[in-house]
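Before any comments, here is the structure.
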Amino acid sequence: MKSESLAQEVAQRRTFAIISHPDAGKTTITEQMLLFGGVIRSAGTVKGKKSGNYATSDWMEIEKKRGISVTSSVMEFNYHDKHINILDTPGHEDFSEDTYRTLMAVDAAVMVIDSAKGIEAQTKKLFKVVKQRGIPIFTFMNKLDRDGREPLDLIGELEDLLQIEGCAMNWPMGSGKNLVGLYDLYHNQIELYHAAQPQNRFLPLDEQGHLPADHPLTHDSIYRQTLEEVGLIQAAGNPFDQTKIAQGEQTPVFFGSALTNFGVQTFLDEFIKMAPAPSAHQLVDGRQLAATDDQFSGFVFKIQANMNPKHRDRIAFVRIGSGEFEPGMDVTLQRTQKSLRLNNATEFMSDQRERVKKAVAGDIVGLYDTGNFQIGDTLYSGKTAIEYPALPQFTPELFMEVTAKNVMKQKSFHKGMQQLVQEGAVQLYRSYQTGDYILGAVGQLQFEVFKFRMQNEYNTEVIMKPIGSRIARWIDPEQLDPKMSSSRNLLVKDMADQPLFLFENQFAEHWFQEKYPQVKLTAKL
């Protein structure tokens, strides 16, 4: 592809993650966007267990049974003149590590907030990571179809808790049963909630931001109250600042209801205009690699086993950082310096997959993997070496001993263990002395999902014995004496054969450090 046409293609990309607290409506808003993109004809709902309708982005069996998202999914579609890549992330805090890594692969984030609940703990945690990346954040205050909190309170809380300026793009006119519409400050119009004809859903306002005096809505007390609140925002609110948005210092705030598909299209239309196209990445050697650079490169931010249980496949998700991907191209895997031919690649249309014909910087491609890839791997074409920075890895807090219930199924047990831990949601350790399997995770739900998938995808029942909450600390192998281990600090090895101690509590860790002051202990994130 010539440089000019590559630059044009990259400029059309919008790659973003949707983040939220569980149940804020993140998957529902994703579905509505897929409807606008013509990818699906009707939205499944996470609440639709009885009807058999499930969210299109929730493909894993346990997600359908429990009505939650536990893994990031990727969907892409064309909308107007833009090529959209949405990464729908798990809201459940036990899967925050998957979300954190996904945030490394996007150029912007959409934060969905339940307007009845406001900012919840998990949202605050996720937001911190987005803020560290300095990427633009767009806020959608959801569930206006239900009675919620005062919009002024919601924006005030957003600013206080997340330390970011909020700029209202539209304003709710009522909520719940009294929802009339949205007062659109950005376009100087009103969007009606229930318009008699869809083509009449927008009402233009005059230069003062008012409806014509003879319009029936002018007699509604909700309209008059909205005018007062809008006047207050215009006088004392934050002025819209595109530069601050680009630097992640201001978030445009949109209101709406994803479930009733109200305000979502208005949001999407503005988002694709304001959100950035893919930009340069900083490499390990300090170089800035432009997205429009002709050399192909990308990094693996996620690995998923058994997306198609019939074929027992394994997909490595690659964010393209520069250049163009072509099927059959030869690349170098930076970690091993091994040359690979990328014949089998897929792109994602929700739960459908298609062979990639062409993909450029900003796009996400799935590579069928036989065990070559690890999370964080860099791939590049040509002779100039490229290495992207390492992705964040978390220190697990909960641990379980794991054994196969049926000793005759050791082969599928070991295969399942190896494949599922490579996805990065649970960490695998082996006892230094006995080689027994120990799993570590950030939250309890990860163990439940692991157990469920071992049985459903590998036909292997497992016995999981909790060893409780532990503090994991790595030790330099040269400083290690296995005799340092005791019942209070279990000695294990990680997947890379690096030794670490699992301390019973902080007291045990402090006691160890006092006894061996020369030994350096390290943690992950």
Report the distance from atom [atom1] of [X] to atom [atom2] of [Y], rounding to the nearest 0.5 Å.
X    : Y    : atom1 : atom2 : result
E229 : L152 : CD    : CG    : 5.5 Å
M141 : I113 : CE    : CD1   : 4.5 Å
I245 : I135 : CD1   : CD1   : 14.0 Å
I29  : I86  : CD1   : CD1   : 9.0 Å
L144 : T260 : CG    : OG1   : 8.0 Å
L185 : M169 : CG    : CE    : 8.5 Å

Between [X] and [Y], is any side-chain donor less than 3.5 angstrom from a side-chain acceptor?
X    : Y    : value
N261 : Q32  : yes
N85  : T15  : yes
Y388 : S297 : yes
Q498 : Y429 : no
E159 : N238 : yes

Work out which heavy atom in [X] is nearest to a heavy atom in [Y]; give both atom names and the distance.
X    : Y    : value
P278 : V10  : CD-O, 3.3 Å
L289 : I386 : CD2-CD1, 3.9 Å
S279 : A291 : O-CB, 3.8 Å
L379 : V331 : CD2-CG2, 4.3 Å
S257 : V264 : O-CG2, 4.1 Å
Q265 : Y79  : NE2-OH, 3.2 Å

Salt bridge [X]-[Y], side-chain N to carboxylate O under 4.0 Å:
X    : Y    : result
E9   : K358 : yes
R14  : D107 : no
K244 : E165 : yes

Does a side-chain heavy-atom distance below 4.5 Å link [X] with [Y]?
X    : Y    : result
M33  : I84  : no
I18  : M111 : no
I164 : E249 : no
L439 : L428 : yes
C167 : P239 : no
E76  : I364 : no
R13  : D363 : yes
V230 : Q234 : yes

Would you mind telling me which of K143, R146, K26 makes a salt bridge (Lys or Arg N to Asp or Glu O under 4.0 Å) with D114? K143
According to the interplanar angle, ranging from 0 to 90°, do the rings of F255 and W171 count as parallel (below 30°), tilted (30 to 60°) or perpendicular (above 60°)? perpendicular
Mutual orientation of the aromatic rings belonging to F299 and H281 [parallel < 30°, tilted 30-60°, perpendicular > 60°]: perpendicular
Give a yes or no answer on whether the side chain of [X] reaches the backbone of [Y] with a donor-acceptor pair at less than 3.5 Å.
X    : Y    : answer
Q295 : S381 : yes
S115 : G148 : no
S469 : L398 : no
D377 : Q374 : yes
R149 : K117 : yes
Q250 : D241 : yes
N142 : A258 : yes

From CA spacing to verdict: side chain to side chain contact (heavy atoms under 4.5 Å, CB included), W474, D494: CA-CA 9 Å; W474 277 256; D494 65 16; 2.9 Å; yes
T266: which of E191, R201, H187 passes side chain to side chain donor-acceptor pair (under 3.5 Å): E191
Does the side chain to side chain contact (heavy atoms under 4.5 Å, CB included) test come out yes or no for Y380 and Q334, once each step is laid out? CA-CA 8 Å; Y380 62 89; Q334 188 277 329; 4.0 Å; yes
Could you please spell out the steps behind the side chain to side chain contact (heavy atoms under 4.5 Å, CB included) verdict for L87 and F317? CA-CA 11 Å; L87 284 77; F317 288 70; over 6 Å; no
Determine whether the aromatic ring centres of F138 and F267 lie less than 6.0 Å apart. no
Would you say the ring centroid of F140 lies under 6.0 angstrom from that of F254? no
Is there a side chain to side chain donor-acceptor pair (under 3.5 Å) between S339 and T332 once you walk through the steps? CA-CA 5 Å; S339 185; T332 301; 5.3 Å; no
Give the intermediate values and the outcome of side chain to side chain contact (heavy atoms under 4.5 Å, CB included) for residues R473 and T522. CA-CA 5 Å; R473 294 291 180 263; T522 55; over 6 Å; no
